[in-house]
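Numbering of ligands and ligand atoms starts at 1, following listing order.
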Amino acid sequence: MNPVVLITGASRGIGAATALLAAQNGWAVAVNYATQASKAQGVVDHIVAHGGQAKAFQADVSVESDIQRLFAEVEREFAHIGPLRGLVNNAGIVDQVQRVDEYSFERIERMMLMNVISPLVCCKEALLRMSTRHGGTGGSIVNLSSVASRLGGAGQYVDYAASKGAIDSLTIGLAKEVAGEGVRVNCVRPGMIDTEIHASGGLPNRVREVGPQMPLGRAGSAQEVAQAIVWFLNEDSSYCTGSILDVSGAR
Ligand code: NAP
């Protein structure tokens with residue numbers, strides 16, 4: 001039997017790096033993706049080729065019925081391997097650079113749906129399976145925030161920063177709420193990390209242009225963030241819950 005972890009948005013970037021490292025640490029990995037099936041399958045193939053266990057699951061985690069289907073499928077497909085004991089709320093979005101006085105309602109709604117409501121619903125579905133209150137055997141939830149939650153994102157994306165502020169609060173509150181139910185809840189707050197998220201916000205050269213201005217003189221890698229996420233997943237961090245760890249090179 002191996003513990004099972006569900007990682008949302010694990011087809012690329014930080015989620016993919018976390019999937020590979022979690023598998024090396026003995027987790028059976030449910031690799032969620034939205035649209036990029038071949039990339040998700042590439043992550044799964046890499047894990048399986050190295051002797052691990054993984055499967056790809058398509059689901060748009062901004063849709064409640066997709067989230068419910070995702071958790072049910074993961075439970076069913078991994079039933080012979082072990083119980084769901086890990087959730088990494090990784091999938092997240094940015095948007096184009098805009099001031100708040102330029103935002104459309106639809107932009108704000110999409111940001112909050114994807115970056116706040118979705119992780120909350122995923123926490124709910126995970127707790128229904130992990131919490132001893134619901135007959136589970138415990139587990140570990142890791143949420144992806146951002147240093148934007150304390151920097152504020154002024155002139156760039158205040159909505160994104162605010163959505164990540166909500167993730168910090170969710171982590172602190174939920175950790176206390178389920179501390180007696182075998183579930184730990186922690187949060188990793190990356191700084192500027194070299195992934196495709198910047199291009200999706202219309203800034204494909206952001207890491208190259210701004211990375212050298214970071215205190216360490218470079219952006220971080222997805223693998224460096226994955227190390228922190230997997231440490232929180234593992235029992236090595238057994239006395240950490242409600243913790244928020246910056247992986248931001250002093251930014
Ligand atoms: P990324 O490279 O843009 O990857 C995003 C991942 O999320 C992809 O696997 C994508 O799947 C998935 N995804 C997007 N929308 C989805 C949806 N509706 N349903 C399911 N999956 C969805 O992102 P990243 O840079 O690795 O960021 C991961 C997390 O770290 C995010 O929460 C982000 O806010 C946070 N973060 C990143 C940075 C940074 O500088 N990179 C800094 C601070 C915080 P497809 O491939 O199928 O589209």
Side-chain angles (χ1 to χ4, degrees), residues 6-21 29-44 56-71 74 87-95 109-119 121-122 142-151 153 156-157 159-168 170-171 187-211 214 218-226 228-229 244-249 251:
L6 168 59
I7 305 172
T8 64
S11 48
R12 52 197 165 92
I14 294 168
T18 303
L20 300 180
L21 189 62
V29 185
V31 174
N32 162 247
Y33 67 98
T35 56
Q36 303 214 21
S38 61
K39 287 200 174 173
Q41 193 55 45
V43 173
V44 169
F57 296 87
Q58 192 286 327
D60 177 348
V61 296
S62 68
V63 177
E64 185 186 18
S65 57
D66 271 32
I67 295 174
Q68 291 166 340
R69 174 178 56 78
L70 171 65
F71 276 82
V74 170
L87 166 66
V88 181
N89 269 319
N90 169 77
I93 55 164
V94 294
D95 209 322
E109 196 175 43
R110 174 175 168 265
M111 182 69 71
M112 295 304 154
L113 186 56
M114 186 63 207
N115 285 7
V116 182
I117 295 176
S118 164
V121 176
C122 287
V142 185
N143 297 317
L144 265 292
S145 175
S146 164
V147 292
S149 74
R150 58 175 168 72
L151 297 176
Q156 197 161 34
Y157 32 56
D159 55 349
Y160 174 77
S163 76
K164 295 303 189 180
I167 293 300
D168 294 356
L170 160 65
T171 301
C187 177
V188 172
R189 246 180 359 193
M192 180 176 293
I193 308 301
D194 190 359
T195 72
E196 293 170 9
I197 201 170
H198 309 289
S200 68
L203 300 172
N205 299 322
R206 186 159 181 247
V207 166
R208 191 153 38 87
E209 289 170 0
V210 187
M214 296 293 109
R218 64 172 178 88
S221 70
Q223 290 75 18
E224 288 173 306
V225 181
I229 296 171
I244 298 174
L245 176 59
D246 285 5
V247 182
S248 61
R251 187 172 183 219

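- At the shortest separation from atom 18 (N) of ligand 1 among protein heavy atoms lies Asp60 OD1, 2.8 Å.
- Just one of Leu21, Val88, Val247 meets the side-chain contact (heavy atoms from CB on, under 4.5 Å) condition when paired with Ile229; it is Val88.
- Here's the thing with Tyr33: none of its N/O atoms is less than 3.5 angstrom from an N/O atom of ligand 1.
- Remark: side-chain polar atoms of Asn115 are not paired, donor with acceptor, to backbone N or O of Ser163 under 3.5 angstrom.
- Side-chain contact between Asn205 and His198: absent, with no pair of heavy atoms (C-beta onward) separated by less than 4.5 Å.
- A donor-acceptor distance shorter than 3.5 angstrom exists from the side chain of Thr8 to the backbone of Asn90, with no hydrogens or angles considered.
- Residue-to-ligand polar distances keep Pro190 apart from ligand 1: every N/O pair is separated by 3.5 Å or more.
- At a 3.5 angstrom cut-off on N or O pairs, Thr35 counts as close to ligand 1.
- Using a 4.0 Å heavy-atom cutoff, Lys39 is absent from the residues neighbouring ligand 1.
- Residue-to-ligand polar distances place Val61 within reach of ligand 1: an N/O pair is separated by less than 3.5 Å.
- Remark: ligand 1 and Asn90 share an N or O pair separated by less than 3.5 Å (distance only, no angle test).
- Using a 4.0 Å cut-off between heavy atoms, Val147 makes no contact with ligand 1 at all.
- The protein non-hydrogen atom at the shortest distance from atom 6 (C) of ligand 1 is Gly9 O, 3.6 Å.
- At least one N or O atom of Ala34 sits closer than 3.5 Å to an N or O atom of ligand 1.
- Residue contacts with ligand 1: Gly13 is placed with no nitrogen or oxygen under 3.5 Å of a nitrogen or oxygen of the ligand (distance criterion only).
- Here atom 38 (C) of ligand 1 lies nearest to Gly191 when heavy atoms of Ser146, Gly220, Ser221, Gly191 are compared.
- Of the candidates Ser11, Ala10, Ala19, Ser11 brings a heavy atom nearest to atom 8 (C) of ligand 1.
- An N or O contact shorter than 3.5 Å is missing between Met114 and ligand 1 by distance.
- Under a 4.0 angstrom heavy-atom cut-off, Ser145 registers as being in contact with ligand 1.
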Practice problem: Decide side-chain contact (heavy atoms from CB on, under 4.5 Å) for Ser118 and Ile67; before the verdict, give the C-alpha distance in whole Å, the side-chain angles of both, and the deciding distance to 0.1 Å. | Solution: CA-CA 8 Å; Ser118 164; Ile67 295 174; 4.2 Å; yes
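- Near Asn32, the atoms of ligand 1 lying under 4.0 angstrom from a non-hydrogen atom of the residue are 20 (C), 21 (N).
- Salt bridge absent: Asp168 and Arg150 never bring a charged side-chain N and a carboxylate O closer than 4.0 Å.
- The backbone N or O of Leu113 sits nowhere less than 3.5 Å from a side-chain atom of Ser62 that would complete a donor-acceptor pair.
- For Gln58, the heavy-atom gap to ligand 1 stays at 4.0 angstrom or more.
- Nearest-heavy-atom check against atom 27 (O) of ligand 1 across Val247, Ile7, Ile197 picks out Ile197.
- Of the protein's heavy atoms, Ile14 CD1, 3.6 Å lies nearest to atom 30 (O) of ligand 1.
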